[in-house]
Amino acid sequence: GWIGYSPAVRYHATQRIRSRLAPFASQIRSVAIRISQHELHTGAQRRCETEVLSGDAGPISASSVGVDLFRLVDGTVETIVTMLRARTAATRQDELSQRIG
């Protein structure tokens, strides 16, 4: 099951999301971060899943496994940023193609 995490991790996750996803705020409806025990490894291992719901293009999600919760949050948020950038670039390319064509 999902586990609770310390106020320090919660604060770190909130700040990381706000700072890294701010350029995409108009595209984002919600963000969820879930942390659980990772079934395949020792109890010290955690799984972090981050999911972003956007208004028009559906959800984007990323996950990672490890021990350091701060690094796990950072890694999944950075993956989401990369995906949002790619999605934004593809949307711009489509819009440009439609205007030209």
Side-chain angles (χ1 to χ4, degrees):
W2 301 110
I3 60 172
Y5 43 94
S6 74
V9 173
R10 183 181 301 270
Y11 178 80
H12 176 81
T14 301
Q15 294 305 311
R16 183 60 51 147
I17 288 167
R18 284 185 180 153
S19 67
R20 297 299 291 140
L21 299 182
F24 308 99
S26 64
Q27 301 171 34
I28 296 173
R29 291 188 351 200
S30 68
V31 178
I33 293 182
R34 296 175 196 89
I35 297 174
S36 65
Q37 298 279 54
H38 193 270
E39 306 85 25
L40 301 177
H41 296 285
T42 68
Q45 293 263 330
R46 303 280 191 256
R47 177 181 179 88
C48 178
E49 295 180 19
T50 301
E51 182 179 71
V52 172
L53 295 178
S54 62
D56 56 350
I60 297 175
S61 62
S63 65
S64 59
V65 175
V67 176
D68 185 339
L69 292 178
F70 296 94
R71 284 185 151 180
L72 295 176
V73 168
D74 291 350
T76 60
V77 171
E78 289 306 313
T79 300
I80 296 289
V81 167
T82 300
M83 291 176 182
L84 285 168
R85 283 184 181 144
R87 183 180 279 182
T88 301
T91 300
R92 286 184 185 150
Q93 185 64 32
D94 288 344
E95 289 171 358
L96 181 61
S97 296
Q98 288 176 0
R99 279 190 238 156
I100 293 173

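What you see below is based on every heavy atom in this structure, not just the backbone, and it leaves out hydrogens, waters and symmetry mates.
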Any chance you could measure His12, atom NE2, to Asp74, atom CG, to the nearest 0.5 Å?
-> 3.5 Å
What is the distance from atom OG of Ser64 to atom CZ of Arg71, rounded to the nearest 0.5 Å?
-> 11.5 Å
What pair of heavy atoms forms the shortest contact from Ser54 to Arg87, and how long is it?
-> OG-NH1, 3.2 Å
CA sep, side-chain torsions, deciding dist, call: Ile17, Val77, side-chain contact (heavy atoms from CB on, under 4.5 Å) = CA-CA 7 Å; Ile17 288 167; Val77 171; 4.1 Å; yes
Test side-chain contact (heavy atoms from CB on, under 4.5 Å), reference Phe24, set Ile60, Ile80, Val52, Val81, output is Val81
To the nearest 0.5 Å, what is the distance between OG1 (Thr88) and CE (Met83)?
-> 13.0 Å
Least distance between heavy atoms, Cys48 atom then Thr76 atom = O-CG2, 3.6 Å
Measuring from Glu51:CD to Ile33:CD1, what's the distance to the nearest 0.5 Å?
-> 11.5 Å
Could you note down all residue pairs passing ring-ring contact (aromatic ring centres under 6.0 Å, His included) where residues 45-69 supplies at least one of them, sequence neighbours left out?
-> none
Provide the closest heavy-atom pair for Arg47 versus Ser63 in the form atom of the first, atom of the second, distance.
-> NH2-OG, 3.2 Å
Roughly how far, to the nearest 0.5 Å, is CG of Asp68 from CZ of Arg46?
-> 11.5 Å
State the CD-CG distance between Gln45 and Leu72, to the nearest 0.5 angstrom.
-> 8.5 Å
Is Phe70 reachable from Val67 through a run of I, L, V, M, F, W or Y residues, each pair having side-chain heavy atoms under 4.5 Å apart?
-> no
